[in-house]
Amino acid sequence: MGFRLYNTLTRKTEDFKPLEPGRVRMYVCGPTVYGHAHLGHAKSYVSFDVLLRYLRYLGYAVTYVQNITDVGHLTDDADEGEDKLERQAQKEHRHPMAIAEYYTRSYFEDMDALNVQRPDICPRAAGHIPEQIELTQTLIDKGYAYEVNGSVYFDVSQFAGYGKLSGRQIEDMQAGARIEVNSEKRNPADFALWKKAEPNHIMQWNSPWGRGYPGWHLECSVMSMKYLGTTIDIHGGGIENQFPHHECEIAQSEAANDCPFVKYWVHHNMVTVDGQKMGKSLGNFITLKQIFKEGHPRLSRTYDPPAVRQLILQSHYRSPIDFSDAALSAAQSGYDKITAAVIKVRKALALAPDRAADANILMQLNAMKEKFEAAMNDDLNTAVALSVLFEMVKLVGTLPVEGVAKATLEAIDNQFRTLGGDVLGIVKDEYATAGGSDDALLDHLIGLLIEQRQTARKNKDFAAADAIRDQLAKFGIVLEDKPGGTTWRLG
RNA sequence: GGCGGCGUAGCCAAGCGGUCCAAGGCGACGGUUUGCAAAACCGUUAUUCGUGGGUUCGAAUCCCACCGCCGCCUCCA
């Protein structure tokens, strides 16, 4: 069975077949950069990172585009309200583009920490104003859009497919009480392609309709088609953007190009914190930087970035995930266990005897790999895939401390690297066991102390022996007495 | 009001018609090991899948009703 992926457009899990054999064009809605990335961003971009990694693992040549929204995203999706970047710029007394730059760097810093692979192309909305104007003009020319008083709106009544992604009817939405009344629009569901700028609006550009700035939905259509073509394989985003954002993207793109915009729509679910939606007003809004190093009132400690990744992968991307201190703590422990097993294998590798691999272990590894792939093929069941990693951890745990053939250890290490590393991004290529360049020196120094403690233990001077162990523990160094001797690690 | 989802052990979570007296992780408990620990290993920890009906030879998995929770359509990914 090949790779199967749930398609929101058809509401079914489908066999994945790219438009062009061997090649995948994938676009994911990127962040609006007016604040530090939070748990929601982590869930989103880790989820799509695993999709990307698995496609590459399967041998596809993937081109991955993820935009950076630095203009046009308003505080109110009904085309009212302020531009999010401009509002933040006022708060911080900086230029909107400085805000965009600062938070873009912050975003990538956090994503790097989460081991999220960088997209191939990260286009900025503000860098694609001419293209957005062009698309707007095309839509006017084709009768899908109309200009009113310097703003341009998409006329949803002209596009028959409007609502096919979200399952909404235009009539239903009118019945809803939440539609803002905008007298410029012919239909309340119409959405802005181009907005007229007031003189005090900082980010504004010349256009055929006067000074203005682009509507939020436009950028994704424009950049997707510019870098990936008029029809792409995968478009990803959060479930909350199904409507109106993605619905509007489809309308604009298909109206302009007369061809399907996206083959597979992939949406991940949302994040809650302590059982409630995460919101600034609820006091449970947690940024990644707070988790990693600053701390947060809801958390008892800080957690390593991979622990967050681990927690995300323990549930399905289409399920909501509840972040809590307990859940994070459990994920951290699980992650540490995997890491310890990988390090054990790599250390053993150095002095392993050069013999043929254990056929039985190779067989087990192969069975695990098949289980892993079956799980990932089934719409990215990362929870089961992760459980396979734990099966490998268990296998490592049962291996004798010495005498395992080098080829066996290599096979295990390789599988950790491909499945745990390449695909899940949980296993690292290198672990700094004692902090970089001081490694050898530290090893020698601690070795001396271990020797002293051994002497004390031989002499049954356990008080002295325990004192050495306790002292080292204060620096986070844990001693472990094993049959072959005492080893140390950073706790 | 419209649309969607969820309820599985102390906690997180997979499973979505038979191979489930239900994977995996965390935690807890007992054991092996240890001078004591730590780590590791072995074992125990859901006769049951929110409740009540129904369909079926067979249901955690399908249908109906009810209860509870959550999300989107506002801030927010």
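Below, chain A is the first sequence line, B the second, and so on; all start at residue 1.
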Verdict with reasoning, H296(A) to F323(A), per ring pair (Phe, Tyr, Trp, His ring centres under 6.0 Å): CA-CA 13 Å; H296(A) 188 277; F323(A) 279 87; over 10 Å; no
Need one value for [X]: base, sugar-phosphate or nothing, where a base atom within 4.0 Å counts as base even if backbone is also close, heavy atoms only.
X       : answer
S44(A)  : nothing
H316(A) : sugar-phosphate
T487(A) : nothing
V271(A) : base

Need the pair for [N]. Rule: Watson-Crick or G-U wobble, both distances under 3.5 Å, any strand; none if unpaired.
N       : value
rC36(B) : none
rU74(B) : none
rA60(B) : none
rC6(B)  : rG68(B)
rU45(B) : rG27(B)

Closest-nucleotide ordering on RNA chain B, the 5'-leading residue of A383(A) and G40(A): A383(A)
Residue met sooner reading RNA chain B from 5', once I321(A) and F390(A) are mapped to nucleotides: I321(A)
Test log, rule salt bridge (Lys or Arg N to Asp or Glu O under 4.0 Å), inputs R298(A) and D325(A): CA-CA 7 Å; R298(A) 298 262 178 154; D325(A) 191 54; over 6 Å; no
Do [X] and [Y] have side chains that get closer than 4.5 Å, going by heavy atoms?
X       : Y       : result
I250(A) : V262(A) : no
S47(A)  : L51(A)  : no
Q364(A) : E391(A) : no
L74(A)  : W216(A) : no
W265(A) : Q242(A) : no
L114(A) : F292(A) : yes
P31(A)  : T69(A)  : no

N or O in side chain of [X] less than 4.0 angstrom from [N] OP1/OP2:
X       : N       : answer
N241(A) : rC72(B) : no
Y34(A)  : rC76(B) : yes
K84(A)  : rA77(B) : yes

Rounded distance in Å between the [atom1] positions of [N] and [M]:
N       : M       : atom1 : value
rA22(B) : rA13(B) : C1'   : 12 Å
rA28(B) : rC11(B) : C1'   : 11 Å
rC73(B) : rC20(B) : C1'   : 39 Å
rC36(B) : rG43(B) : C1'   : 24 Å
rG5(B)  : rG15(B) : P     : 15 Å
rA23(B) : rU61(B) : C1'   : 16 Å
rC26(B) : rU32(B) : P     : 22 Å
rU8(B)  : rU47(B) : C1'   : 15 Å

Within residues 291-307 of chain A: residues closer than 4.0 Å to RNA chain B (heavy atoms): none
Restricting to nitrogen or oxygen on both sides, can you table the protein-nucleotides 10-12 of chain B pairs closer than 3.5 Å?
none

Between [X] ([atom1]) and [N] ([atom2]), how many Å, whole number?
X       : N       : atom1 : atom2 : value
Q332(A) : rG25(B) : CD    : P     : 17 Å
L39(A)  : rC76(B) : CG    : P     : 16 Å
K12(A)  : rC16(B) : NZ    : C1'   : 17 Å
D274(A) : rC69(B) : CG    : C1'   : 15 Å
D378(A) : rG24(B) : CG    : P     : 18 Å
Q310(A) : rG24(B) : CD    : P     : 15 Å
H38(A)  : rA77(B) : NE2   : C1'   : 5 Å
H268(A) : rG71(B) : NE2   : C1'   : 12 Å

Nucleotides 28-40 of chain B: protein proximity per nucleotide (B base, S sugar-phosphate only, - neither; heavy atom, under 4.0 Å): -------BBBBSS
Sole candidate of T8(A), N7(A), N241(A) that passes side-chain hydrogen bond (donor to acceptor under 3.5 Å, both in side chains) when paired with H267(A): T8(A)
Considering all heavy atoms, the nearest M223(A)-P123(A) contact: SD-CB, 3.4 Å
Non-hydrogen atoms of F108(A) and C122(A) that approach each other most closely: CZ-SG, 3.5 Å
Ring centres under 6.0 angstrom apart (Y227(A), H128(A)): yes
Mutual orientation of the aromatic rings belonging to H217(A) and H245(A) [parallel < 30°, tilted 30-60°, perpendicular > 60°]: tilted
